[in-house]
There are 2 protein chains.
Amino acid sequence: MKKITIGEAARQSGVKVPTVRYYESIGLLAAPSRSEGNQRSFEPADISRLAFIRHARELGFEIEAIRTLLTLQDDPHQSCASADAIAKARLVEVEQRIRSLMALKAELETMVEGCGHGRVDQCRVIEVLADHGQCTHSRH
Amino acid sequence: MKKITIGEAARQSGVKVPTVRYYESIGLLAAPSRSEGNQRSFEPADISRLAFIRHARELGFEIEAIRTLLTLQDDPHQSCASADAIAKARLVEVEQRIRSLMALKAELETMVEGCGHGRVDQCRVIEVLADHGQCTHSRH
DNA sequence: CTACATCCTCTAGCGACTAGAGGTGCAAGA
DNA sequence: TCTTGCACCTCTAGTCGCTAGAGGATGTAG
């Protein structure tokens, strides 16, 4: 069996080397066996687990949510209701965030368009920031 | 002249009390004068400044960007090109973030819809997370 | 005078890493 | 065999923008 170094594991999974160590330190990844010289030696399963974590992080799941998803993955006979709930909750969060960012975008556009590119005392950017009452939407 | 306590300043500006002290500590707000008993005494101008900061934070501007915007506001004869650039940069960020969240939303919807609500070994949520290749978009 | 709210400073913690110091392991070329 | 040089090791501290808590002082109303 070939030894997979942390660098190789990082390359294959797309997770950075210090981050791999960090995941191990918080117990998201089991501590791998070590070489004679105390260097980590990973299994192919560890690479999959790291890729899983990375993908979930890219989708914005929090570490604790990922921890739950991983324990579910480890026991395939469980009901997937929790996984479903976690994904749904994340979806709601994302939708909410999109709505709020759209409002923000509109606000910023008004600011930028209104700016006459002159001096600060005529600048709409500064003006709008100073006076929330000028906002199109009262709630950001 | 009436003294404005930190609690009053917080209430009027919508910034929390510890956050007001934090802004002072990082030099975003000038240290106000103190009462005989060493309590902060704010001026109306401080309230405006706090409201400005709060509004900018709501719009997602970083502290350092706000610091620049505030120095611009302090000197109204300067060109507002910097303010303009900061707002534009923020707009680009927001647009990028929206695009990325939309892709994410699509991904999560596929995951959630595909889940048969059965056991983990048939769960599409877990499956998709484990295998990035199943994603509709290769880049999140 | 006595409650009690509000204020003060200081330190530590959050999440999810990232950076750096200071040292060791290992493989390949001269 | 030696040496170069990269990859690895552990540990601590820093990032951002606050937030929480300890432990004590001040201010105000009854």
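Side chains included, hydrogens not; waters and symmetry mates left out as well; all remaining heavy atoms used. Note on naming: letters A, B, ... go to the chains in the order of the sequence lines (proteins, then strands), and numbering restarts at 1 for each one.
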| said: Expressed as a whole number of angstroms, how long is the span from B/R57:CZ to D/dT19:C1'? | reply: 14 Å
| query | Between A/S35 and C/dC26, is there a side-chain N or O to OP1/OP2 distance below 4.0 Å? | reply | yes
| What is the nucleic acid contact for A/E62, judged by heavy atoms within less than 4.0 Å: base, sugar-phosphate only, or nothing? | sugar-phosphate
| message | Within the structure provided, determine whether A/R57 and A/Y23 are in side-chain contact (heavy-atom separation under 4.5 Å). | response | yes
| field | Rounded distance in Å - CD1 (A/I6) to P (C/dC26) | value | 15 Å
| message | Does a side-chain N or O of B/R34 approach OP1 or OP2 of C/dT9 to a distance below 4.0 Å, or not? | response | yes
| said: Is B/Y23 close enough to D/dG17 that one of its side-chain N or O atoms is under 4.0 Å from OP1 or OP2 there? | reply: no
| Over how many whole Å does the gap from A/F61 atom CZ to C/dC17 atom P extend? | 15 Å
| request: Figure out the CD/P separation between B/E24 and C/dC10, and round it to whole Å. | output: 12 Å
| said: Can you measure A/L28 atom CG to C/dA16 atom C1' for me and round it to whole angstrom units? | reply: 11 Å
| query | Within less than 4.0 Å of OP1 or OP2 of D/dC9, is there a side-chain N or O belonging to A/R21? | reply | yes
| Interatomic distance where CZ belongs to A/R67 and P belongs to C/dA16 [whole Å] | 10 Å
| task | Compare all side-chain heavy atoms of B/L28 with those of B/R67 and state whether any distance is below 4.5 angstrom. | result | yes
| remark: Rounded to whole Å, OH of B/Y22 lies from C1' of C/dC10 at a distance of 16 Å
| Separation of atom CZ in A/R54 from atom P in C/dC17, rounded to whole Å | 12 Å
| message | Can you tell me if A/K3 touches the phosphate of C/dA27, counting only side-chain N or O atoms and a distance under 4.0 Å to OP1 or OP2? | response | yes
| request: Using a cut-off of strictly less than 4.0 Å, decide whether B/R40 has a side-chain nitrogen or oxygen near OP1 or OP2 of C/dC8. | output: yes
| Within less than 4.0 Å of OP1 or OP2 of C/dC7, is there a side-chain N or O belonging to B/T5? | yes
| Do B/F61 and A/L108 have side chains that get closer than 4.5 Å, going by heavy atoms? | yes
| query | Can you check whether A/Q96 reaches A/E93 side chain to side chain, under 4.5 Å on heavy atoms? | reply | no
| Under 4.0 Å between a side-chain N or O of B/T19 and OP1 or OP2 of D/dG17? | no
| task | Output all residues satisfying side-chain contact (heavy atoms from CB on, under 4.5 Å) with B/E95, sequence neighbours left out; order by chain, then residue number. | result | A/K105, A/E109, B/L91, B/R99
| task | Assign each of A/G7 and B/N38 to its nearest nucleotide of DNA chain D by heavy atoms, then name whichever residue's nucleotide is nearer the 5' end. | result | A/G7
| message | Does a side-chain N or O of A/K16 approach OP1 or OP2 of C/dT18 to a distance below 4.0 Å, or not? | response | yes
